[in-house]
There are 2 protein chains.
Amino acid sequence: MTPRSPRADSARNREALLIAGAEALRRDIDAPLEDIAAAAGLSRRAVYGHFPSREALVDAVIARGAERIAAAVGPLNEEPPLEALARLGARLWDAVVDVHAVARMALTSGRTSTVAYAMNPIRRRLRALLSQAAEGGLVRTDIPVTTIAALVERAAIDVLEVADASEPGCSRRLAMTHPLCAAGVGAVEAARIADLVDQTEAAA
Amino acid sequence: MTPRSPRADSARNREALLIAGAEALRRDIDAPLEDIAAAAGLSRRAVYGHFPSREALVDAVIARGAERIAAAVGPLNEEPPLEALARLGARLWDAVVDVHAVARMALTSGRTSTVAYAMNPIRRRLRALLSQAAEGGLVRTDIPVTTIAALVERAAIDVLEVADASEPGCSRRLAMTHPLCAAGVGAVEAARIADLVDQTEAAA
DNA sequence: GAGAACTTGCACACACGCGTGCAAGTTCTT
DNA sequence: AAGAACTTGCACGCGTGTGTGCAAGTTCTC
């Protein structure tokens, strides 16, 4: 009565589709299904054996990315806001490959439910960290916290986009320092904080 | 023998197409020709009386934007690099409406000849200002100047994107301060520089 | 007002991308 | 080995957007 579980290679193919999809959609959100399928080593027709529509595939890709983001952020221990902010950047960076598309979509296109839902906790936390930092005068106070938050979000994305171009060595560090700078923290202070976070990161 | 000059209303319509095109393409680079024509108060068919193809229209829109950018930057008097940088941001901001689409295209899509050509002088100047500033230790020196330049470019765009959301009052100021922050200048220092530029701007 | 310039609306051909049906394969599973 | 699961390739129909031709307007210019 119970239907037999799906074949092993089918699961592999589905996986390949999600990976190829993330990669292709990262470059072009309108990438044709044909290309995604080809990148996954499948025919366009076969995709419909795994997803009912192109949109369903895209949603699945996004959902997976969102999932990883949430996991990456995870528990953020109690610490001063700027350190927390830097750590958030570092964590996000570590999940970067899977996250890239999602993060961009979340900001640029007004993507529907999935992304917004998954990103909201991070947004909230970012907002909280920033207003806490603003109270302490640790970040710029000449503009509303809301604006700072928007700029910091984009700064995080910018690091991702720029990363490929420059050598990848300093990218993870940039993921910590640049959002801080975008919030108005001076470069040397940002570097100091990054060092601090790096140390505690190494300890764990 | 000499063909009579084009009709006056035709020129007006062409103009309307360029304006509507800039507006429509700013929102969606793939906006259908039909929409652009309608926004300009014309039929889709009429467009082909002014431009041989959709792409030609897009190119014309971009070319005009690039032109305005170049004009906006214009002569940048001799002054310390950070002041110059802030002024550059302010000038760009003043040309924002026409420039928005072009600036984004220049960075995101690897748009063909036109944009790259028009943007290059600005890029070059930005590069020069930043390396000059880096030598003086005025900006962060822990990453290559090339990377800083890329991040500052994006920071400038980010201000444009975020501007609509927040109140427009502080946007122009953000156009000066945020790129500075992205370069590693602390918020208070950035504000000081912006004030300085504002004063000399008012004097002129 | 006459004629040219411009616009319109319709027609069509073309290209691209999605979603589906079906027959003929290939590959896993038991 | 047998059968189910999965994939393939081809066939469509559908929708959308571009570029073109042409006849019938409308609007400017002289």
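Proteins get letters first, then strands, A, B, ... in listed order; numbering begins at 1 in each.
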Starting at atom [atom1] of [X], determine the distance to atom [atom2] of [N], rounded to an integer number of angstrom.
| X | N | atom1 | atom2 | result |
| --- | --- | --- | --- | --- |
| D30(B) | dG17(D) | CG | C1' | 11 Å |
| L57(B) | dT18(D) | CG | P | 10 Å |
| F51(B) | dG19(D) | CZ | P | 13 Å |
| L33(B) | dT18(D) | CG | C1' | 8 Å |
| R44(B) | dC6(C) | CZ | P | 20 Å |
| R54(A) | dC14(D) | CZ | P | 22 Å |
| I29(B) | dG17(D) | CD1 | P | 15 Å |
| Y48(B) | dC6(C) | OH | P | 18 Å |

Proximity to the side chain of L42(B) - top-ranked nucleotide from dG9(D), dT7(C), dC18(C): dT7(C)

With the side chain defined as heavy atoms from C-beta on, A46(A) is closest, among dT7(D), dA11(D), dG17(D), to dT7(D)

Check the interface with nucleotides 21-24 of chain C: list each N/O to N/O pair with the protein under 3.5 Å, or write none.
from: dG21(C); atom 1: N7; to: R45(A); atom 2: NH2; distance (Å): 3.1
from: dG21(C); atom 1: O6; to: R45(A); atom 2: NE; distance (Å): 2.8

What residues, two or more places apart in sequence or in another chain, satisfy side chain to side chain contact (heavy atoms under 4.5 Å, CB included) together with [X]?
| X | value |
| --- | --- |
| A187(A) | R140(B) |
| A37(B) | V47(B) |
| A190(A) | T177(A), L180(A), C181(A), V185(A) |

Would you jot down, in residue-number order, the residues of residues 10-20 of chain B having a non-hydrogen atom under 4.0 Å from DNA chain D? none

Ignoring backbone atoms, test whether R7(A) places a side-chain nitrogen or oxygen under 4.0 Å from the OP1 or OP2 oxygen of dT29(C). no

Under 4.0 Å between a side-chain N/O of H50(A) and OP1 or OP2 of dC6(D), yes or no? no

Could you tell me whether [X] and [Y] have a side-chain N and a carboxylate O separated by less than 4.0 Å?
| X | Y | value |
| --- | --- | --- |
| E15(B) | R12(B) | no |
| D198(A) | R172(A) | yes |
| R64(B) | D59(B) | no |
| R87(A) | E83(A) | no |

Please assess L151(A) against L174(B) for the test side-chain contact (heavy atoms from CB on, under 4.5 Å), listing each intermediate value before the final yes or no. CA-CA 10 Å; L151(A) 289 173; L174(B) 257 194; 4.0 Å; yes

For the pair R125(B) (side chain) and L85(B) (backbone), establish whether a donor and an acceptor sit closer than 3.5 Å, ignoring hydrogens and angles. no

Once you round to the nearest 0.5 Å, how far does CG of D9(B) lie from CZ of R14(B)? 14.0 Å

Hey, are the side chains of L57(B) and Y48(B) touching, using non-hydrogen atoms and a 4.5 Å cut-off? no

Dot-bracket line, read 5' to 3' along DNA chain D, where crossing pairs take [ ] and | marks a partner on another strand, Watson-Crick or G-U under 3.5 Å: ||||||.||||||||||||||||.||||||

For T146(B) and R127(B), run side-chain contact (heavy atoms from CB on, under 4.5 Å): C-alpha distance rounded to whole Å, both residues' side-chain angles, the deciding distance at 0.1 Å, then the answer. CA-CA 7 Å; T146(B) 310; R127(B) 214 52 79 77; 4.2 Å; yes

Where each residue is assigned the nucleotide of DNA chain D containing its nearest heavy atom, which of D9(B) and A31(B) is assigned the position nearer the 5′ end? A31(B)

